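One structure is given here, and the rest of the page talks about it.
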Amino acid sequence: MIDNDNNSRRRLAEFKDGCRYGKFGKTKAYELIAHERIRAYKMGGKTLIDLDSVDEYHASLPRVETRAS
């Protein structure tokens with residue numbers, strides 16, 4: 001975990017683990033990063049995914065409405 005300016009901790013995971021946490025593949029992860037739906041950071045040669053941004057993305061998804069029979 002990494003501290004940021006306001007003393008809260010970022011939950012960062014390596015790319016593969018972030019994809020597993022978010023239940024999406026690497027292609028979808030790169031798409032979400034490119035469209036700024038989730039945040040990612042570089043540390044050396046590794047890409048780290050911000051798990052809080054994955055939670056925010058999941059919370060923004062529309063709910064499936066079922067039809068009454």
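None of the values given here were measured: they were computed from a predicted structure. Quick note: numbers below take in every heavy atom, side chains included, and nothing from hydrogens, waters or symmetry partners.
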Taking atom [atom1] of [X] and atom [atom2] of [Y], what is their separation to the nearest 0.5 Å?
X: Glu31; Y: Ile38; atom1: CD; atom2: CD1; value: 10.0 Å
X: Ile49; Y: Arg39; atom1: CD1; atom2: CZ; value: 12.0 Å
X: Glu14; Y: Arg20; atom1: CD; atom2: CZ; value: 10.5 Å
X: Glu36; Y: Ser53; atom1: CD; atom2: OG; value: 11.5 Å
X: Tyr21; Y: His58; atom1: OH; atom2: NE2; value: 8.0 Å
X: Tyr41; Y: Ile33; atom1: OH; atom2: CD1; value: 11.0 Å

Q. Checking side-chain contact (heavy atoms from CB on, under 4.5 Å) for the pair Arg11/Asp55: CA distance, chi angles, key distance, verdict?
A. CA-CA 11 Å; Arg11 296 185 309 136; Asp55 290 340; 2.5 Å; yes
State, yes or no, whether a side-chain contact exists between Arg37 and Lys28 at a heavy-atom distance under 4.5 Å.
no
For Lys42 and Thr47, the nearest pair of non-hydrogen atoms, with its separation, is NZ-OG1, 3.1 Å
Of all heavy-atom pairs linking Cys19 and Ala29, the shortest is SG-CB, 3.6 Å
Q. Do Leu61 and Leu51 share a hydrophobic cluster (ILVMFWY, side-chain heavy atoms under 4.5 Å, transitive)?
A. yes
Transitive ILVMFWY side-chain link Phe15 to Leu32, under 4.5 Å: yes
